Amino acid sequence: INTPANMSTVHANSHLKNINWRIDFQTKSKVSPDLTDPFAIIQLTLEKETQQKGQSLSQSGEENKETKKSDEVVRFAFSKEQVQESLAQFQELKEKILETLKQQQQTQAQSQSQ
């Protein structure tokens, strides 16, 4: 599995809330009406949860923690080739998840039969 160095930290308190996309074109120049190849504009909305210390104390004397949700929006462009490569990587990810689930089921079945 290819794991870039910047993926060493996973933020478990964030999750994908929404995906939006559209196909777009640009003109090659201001004087030429010719269009470039189409590309995809992708927008990911991530919902992040953060805990903040509250002002009040619970019955046990501990500070209450308040959960705050906020959205972060990330936008980027993909060429046709980048879309194809991303889909291939997602397919590989899907296959690895299914393989892992199958292995877990086999391990559970073996442990239950013993």
Side-chain angles (χ1 to χ4, degrees):
I1 297 176
N2 296 334
T3 306
N6 62 354
M7 287 185 61
S8 61
T9 303
V10 176
H11 299 285
N13 60 344
S14 298
H15 70 273
L16 182 60
K17 183 176 178 181
N18 196 14
I19 298 176
N20 290 308
W21 58 270
R22 73 173 193 262
I23 303 301
D24 212 343
F25 296 89
Q26 287 184 334
T27 56
K28 290 186 179 179
S29 71
K30 290 182 180 181
V31 294
S32 173
D34 294 339
L35 298 176
T36 62
D37 289 335
F39 59 95
I41 303 291
I42 311 267
Q43 175 178 300
L44 304 178
T45 304
L46 306 175
E47 184 175 75
K48 298 170 74 173
E49 291 185 13
T50 55
Q51 288 191 345
Q52 298 176 336
K53 292 182 180 179
Q55 298 294 326
S56 61
L57 298 178
S58 66
Q59 290 180 351
S60 63
E62 297 178 6
E63 286 187 39
N64 289 326
K65 291 184 179 178
E66 186 178 311
T67 301
K68 181 180 177 184
K69 293 183 180 183
S70 62
D71 288 349
E72 178 181 352
V73 177
V74 180
R75 291 180 190 94
F76 45 93
F78 271 102
S79 67
K80 175 185 171 185
E81 293 78 16
Q82 290 170 318
V83 169
Q84 290 173 331
E85 176 62 28
S86 296
L87 290 174
Q89 290 179 4
F90 275 111
Q91 181 63 33
E92 182 181 350
L93 174 61
K94 176 184 170 184
E95 291 168 4
K96 293 291 182 187
I97 288 173
L98 293 174
E99 181 182 314
T100 301
L101 288 172
K102 185 177 179 180
Q103 290 173 353
Q104 285 179 334
Q105 291 170 348
Q106 290 173 345
T107 301
Q108 289 175 350
Q110 289 174 354
S111 65
Q112 290 176 356
S113 67
Q114 293 177 355

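Just so we're clear, the structure is a prediction, and the values are computed from it rather than from any experiment. Only heavy atoms go into these numbers, but all of them, side chains included; no hydrogens, no water, no symmetry mates.
The side chain to side chain donor-acceptor pair (under 3.5 Å) search around Gln43 returns Arg75, not counting sequence neighbours. For Arg22, the salt bridge (charged side-chain N to carboxylate O under 4.0 Å, His left out) partners are Asp24, not counting sequence neighbours. With sequence neighbours excluded, the residues that form a side-chain contact (heavy atoms from CB on, under 4.5 Å) with Gln91 are Lys94, Glu95. Shown here are the salt bridge (charged side-chain N to carboxylate O under 4.0 Å, His left out) partners of Asp71, two or more places apart in sequence or in another chain: Lys17.
Rounding to the nearest 0.5 angstrom, the gap separating the CH2 atom in Trp21 from the CD1 atom in Ile42 is 8.5 Å.
Taking a 4.5 Å side-chain heavy-atom cut-off between Ile, Leu, Val, Met, Phe, Trp and Tyr, the cluster of Phe39 extends to Ile41.
The closest donor-acceptor contact from the side chain of Asn13 to the backbone of Glu49 lies under 3.5 Å.
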Do any side-chain atoms of residues 77-85 form donor-acceptor pairs under 3.5 angstrom with protein atoms, and if so which ones, sequence neighbours left out?
unit_1, atom_1, unit_2, atom_2, d
Ser79, OG, Glu81, N, 3.4
Ser79, OG, Glu81, OE1, 3.4
Ser79, OG, Gln82, N, 3.2
Ser79, OG, Gln82, OE1, 3.4
Gln82, OE1, Ser79, N, 2.7
Glu85, OE2, Gln89, NE2, 3.0

I'd like a table of donor-acceptor pairs (distance under 3.5 Å, sequence neighbours excluded) in which one partner is a side-chain atom from residues 97-110, with atom names and distances.
unit_1, atom_1, unit_2, atom_2, d
Thr100, OG1, Lys96, O, 2.8
Thr107, OG1, Gln103, O, 2.9

Run Leu44 and Leu16 through side chain to side chain contact (heavy atoms under 4.5 Å, CB included) and show every step you take.
CA-CA 7 Å; Leu44 304 178; Leu16 182 60; 4.1 Å; yes
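Among residue pairs with one or both ends in residues 82-114, none qualify as ring pair (Phe, Tyr, Trp, His ring centres under 6.0 Å); sequence neighbours excluded.
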